Amino acid sequence: MMWRLIEHKQNDAFMNMAIDEAVSESVARGESQPTIRFYGWAPEAVSIGYFQCLGKEADLDNCAREGVDIVRRRTGGGAVFHSSGEITYSVIAKEGLFPRDILESYREICGWIIHSLSLLGIESEFKPINDIVVNGKKISGNAQTRREGVLLQHGTILHTVDVERMFSLLKVPDEKIKDKMITSVKERVTSISQQRNISWNESYDALVAGFTKGKEFGFGELSGKESSRAMELSRLRYSSKEWNMMR
Amino acid sequence: MRCEEKIPGGKLVCVEIWPVQSGAGRPKAGSVRVSGDFFLHPEDAIYAIEDSMKGLPLDSEQDEIRGRIQEALDGKGATLIGVSPEDIARMFIKAVEG
């Protein structure tokens with residue numbers, strides 16, 4: 001099985017989600033190879049899970065003031081602040097390449113991240129349902145969907161993390177306990193740079209090595225059809241109020 | 001009417017009910033929303049789950065609510081992760097009880 005590797009590139013939030021869907025459609029039609037894609041977010045963004053209520057998860061005023069985009073994902077899971085300190089990936093392939101059991105398929109793909117971190121000298125473990133932890137602290141969150149016979153899993157690996165900024169953009173249930181929450185999240189979240197003095201580039205290279213280990217792969221780009229479909233999905237769905245405010 | 005819970009070993013889930021009362025009959029769930037950071041494959045089965053509780057009398061038994069949700073899931077061939085039909089049914093009742 002030949003995989004396509006699309007190297008790290010920054011896009012806005014709407015385009016990032018649109019590309020994942022356009023590639024999924026193309027893989028479903030058998031027009032594209034199974035794909036591993038790395039990407040970043042410019043401007044910074046908050047993504048929320050498919051089933052979350054936008055107003056409950058993101059501080060809309062602060063996001064607008066800070067120029068932070070907000071997008072609803074087509075996957076479940078929680079709200080995530082995407083800064084330049086993280087690396088996001090997506091894996092898009094026919095379902096048949098992965099275990100049928102959803103948790104097992106999380107475990108398999110998360111295993112690629114765990115292997116990547118081990119290349120950096122960081123020991124981590126899968127914490128079901130969808131997290132990877134280092135000494136009990138979360139370093140990576142992941143979300144998966146399966147449609148039309150295609151599995152899409154995307155997730156983030158923290159290279160650096162700024163919890164204060166994260167909490168200025170995400171809503172907290174009770175402002176009175178915000179400081180306490182920040183302290184508690186700081187105790188529960190970690191990043192590659194907190195574990196070891198490793199540059200973003202070294203981290204990225206390890207992820208590429210970890211994700212492609214044992215696979216035949218070639219570096220590739222989006223096809224023209226995928227690009228134009230992604231632009232369409234970005235405009236019509238992911239940047240639309242109807243989609244983002246649907247809950 | 002609202003109940004929010006972090007499911008032990010699972011996800012954060014919120015069940016909201018907007019009740020309706022027609023005539024002298026038992027008050028019913030006019031509409032229901034289930035939100036949170038759980039997973040559901042396929043995602044659009046959420047509408048079938050929510051619709052399955054629509055019109056249920058607010059004093060329905062937990063088993064009946066669970067059965068409706070399970071039926072909706074089966075009809076869509078859907079899988080819930082991080083919350084169970086049982087949890088949602090229990091939260092429906094807690095939301096009603098306030």
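A note on names: the letters A, B, ... follow the listed sequences, proteins ahead of strands, and every chain is numbered from 1. Keep in mind that the numbers below use all heavy atoms, side chains included, and drop hydrogens, waters and symmetry copies. All values derive from a computational prediction rather than experimental measurement.
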Which atoms of [X] come close to chain B, meaning under 4.5 Å heavy atom to heavy atom: side chain ones, backbone ones, both, or neither?
| X | answer |
| --- | --- |
| I48(A) | neither |
| R146(A) | both |
| A79(A) | neither |
| E57(A) | neither |

Sequence neighbours excluded - ring pair (Phe, Tyr, Trp, His ring centres under 6.0 Å) pairs with any residue from residues 14-38 of chain A:
F38(A)-Y204(A), F38(A)-F211(A)

Nearest atoms (heavy-atom pairs only) where M1(B) meets A95(B):
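Answer, listing the atom of M1(B) first, then A95(B): CB-O, 3.6 Å.
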
Can you tell me which portion of V13(B) sits under 4.5 Å from chain A's heavy atoms? Options are side chain, backbone, both or neither.
neither

For F38(B) and F51(A), what are the C-alpha separation, side-chain angles and deciding distance, and is it a ring-ring contact (aromatic ring centres under 6.0 Å, His included)?
CA-CA 7 Å; F38(B) 56 91; F51(A) 308 106; 4.7 Å; yes

Taking NZ, NE, NH1 and NH2 as the nitrogens, is one of them in E97(B) or K94(B) under 4.0 Å from a carboxylate oxygen of the other?
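No, no charged N to carboxylate O under 4.0 Å.
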
With salt bridge (Lys or Arg N to Asp or Glu O under 4.0 Å) as the criterion, how do E104(A) and R107(A) come out once you've worked through the C-alpha distance, each side chain's angles and the decisive distance to 0.1 Å?
CA-CA 5 Å; E104(A) 284 310 306; R107(A) 191 185 298 279; 3.4 Å; yes

So which residue, G49(A), G77(A), A143(A), C53(A), ends up with the most heavy-atom pairs under 4.5 Å with chain B?
G77(A)

